[in-house]
Number of protein chains: 4
Amino acid sequence: MIPGVRPQQIVISEFRLTRRVQFYETDAAGIVHFSVFFRYMEEAEHAMWRAAGLNIAPQDASVGFPRVATSFEFLKPLHFSDEFEVHLRITRKSTRSLSYSATIEKDGEIAAHGTLTVACISTRGGDPMRSTVIPTEIADRFEVAPSEGTKP
Amino acid sequence: MIPGVRPQQIVISEFRLTRRVQFYETDAAGIVHFSVFFRYMEEAEHAMWRAAGLNIAPQDASVGFPRVATSFEFLKPLHFSDEFEVHLRITRKSTRSLSYSATIEKDGEIAAHGTLTVACISTRGGDPMRSTVIPTEIADRFEVAPSEGTKP
Amino acid sequence: MIPGVRPQQIVISEFRLTRRVQFYETDAAGIVHFSVFFRYMEEAEHAMWRAAGLNIAPQDASVGFPRVATSFEFLKPLHFSDEFEVHLRITRKSTRSLSYSATIEKDGEIAAHGTLTVACISTRGGDPMRSTVIPTEIADRFEVAPSEGTKP
Amino acid sequence: MIPGVRPQQIVISEFRLTRRVQFYETDAAGIVHFSVFFRYMEEAEHAMWRAAGLNIAPQDASVGFPRVATSFEFLKPLHFSDEFEVHLRITRKSTRSLSYSATIEKDGEIAAHGTLTVACISTRGGDPMRSTVIPTEIADRFEVAPSEGTKP
């Protein structure tokens, strides 16, 4: 191994999760309840971390990643048993936070757009939450995705 | 009754809901899961409609109010058994949509800020959702709240 | 104070919680999802503990009360905005566990019957969960309700 | 085609679903909330129906399958990110109802045992729910699983 060159590791900037709508996620309007889209986005985030070799919330964690801001725009509803894809992309990375965008797609059409920003906090010392720098072994696994517009 | 003068009715522009955190709303980080704040905001919206003498989703409804955009910023976490208040205000009213802002407060401190826009659709004719004008008997019950800054 | 006679304290054997169905609790069949009835029963349990002056899960707890068995029979569905009552009763009390029955009633008719047994565990020493004796200051607040059949 | 011999079709009596615990399914005790196990069991049921070529709740359904009774016993907790298996088996089949048992297993150990009985109702004519015979094209796809004890 060449000194100073770290062994190759996975660096991730986007992730695609395929998922099916479960019955308990629908409401009396016959569609997925809007609050559930935030769960889909987080599910994709956690799967992306696993794909990067990381667990975002291990039981003995010294840091945590609380959500500081999030949004969704809804274009088309999802129904029971629909198969859909969450396309998650890292849009911003700072020393203390990560931002994602998410697109929910069904049959090639966009059902919803979301955003999510999470901050790194120390889990030592209890409340109140104290912001801290994202540990290198985590930060090194992620990078900002090229903007959608620049894709071939 | 004077002709042309409608009988007095309730017109609402804001609402305060007091609520306690339930155990099933917390997550393994020991705090309310971020997706649940959207349920709190909607719970306050539906209570505001009831206070205005309306049910937002009766079983035989001819119109529905799907959510088209929503967001939350999180400032302080809520824990199991915390009592908090949702302060919901109407921020915009058009012929076909309503927008709200929500502040989640605990012990006089702001825990989170949310926004929500809902559109009026016809429930006749099935999918796809078709935008329609908010019926007068609903629209007349709501008006935009004075902006926070202009309060005495 | 007469020696040996403890100051009066609340001893509880049953509790009634009034609640309204929230939209996010319904499913595409237009009724409350069956899994939500277990949340209603637990909500009534926690309110009963608060009525007894106790918090079932304080942040610094030395004991916890995981659920060990539970059931529900469903007789009539609940719909969005329905007001209903959870009638919770203590049916068994041992040194290490408590059992409850719950009746969900709407407009004087029974919608569902549930049961729940919880065990007392030590939260010290991490997993695996270790059964322990219910602390006296908790156990003294609860007693088995007289059986329904013996009521006048 | 030989007279009297029906074309081959799938007949199912059990199903195994592999699933991972999502963060929003955990609670402040650090484990999966007990109400969520009922969702896992239903998720396996619906996947079993799909494996049999059926959708348990299509949008234009003439019959529905409300839950009439269910239970769970909890032996070991599940934590965030745990991978587990739901082993669902048909334990009873009548003209108007189906009963299942479910075992939740993690790392070869049983975490929980559940049961579920669903009835067939007509969705025509609105409330109240009216029991009806399970249509042949559904009933023919399912049969009772051999009892666990008789397995080699």
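Only a predicted model underlies this, so the values are computations on that prediction, with no experimental measurement involved. A note on names: the letters A, B, ... follow the listed sequences, proteins ahead of strands, and every chain is numbered from 1.
Only the side chain of C/His33 comes within less than 4.5 Å of a heavy atom of chain D; its backbone N, CA, C and O stay farther away. Contacts of C/Ile121 with chain D are absent, with no heavy-atom separation under 4.5 Å from either backbone or side chain.
A cation-pi contact, defined as under 6.0 Å to the ring centre and within 45° of the axis, is absent between D/Arg67 and C/Phe74.
Taking each heavy atom of C/Ser71 and D/Ser71 in turn, the nearest pair found is CB-CB, 3.8 Å.
Using a 30° and 60° split on the angle between ring planes, D/Phe34 and C/Phe38 fall in the perpendicular class, above 60°.
Comparing C/Glu73, C/Glu42, C/His113 by heavy-atom pairs within less than 4.5 Å of chain D, the highest count is held by C/Glu42.
Other residues, nucleotides and ligands contribute over 12 non-hydrogen atoms within 6.0 Å of the NZ atom of D/Lys93.
Within the 4.5 Å cutoff, no side-chain heavy atoms of C/Thr70 are placed close to those of D/Phe37.
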Any chance you could lay out the side chain to side chain contact (heavy atoms under 4.5 Å, CB included) test for C/Met129 and D/Ile31, step after step, and finish with the verdict? CA-CA 11 Å; C/Met129 292 178 165; D/Ile31 61 177; 3.6 Å; yes
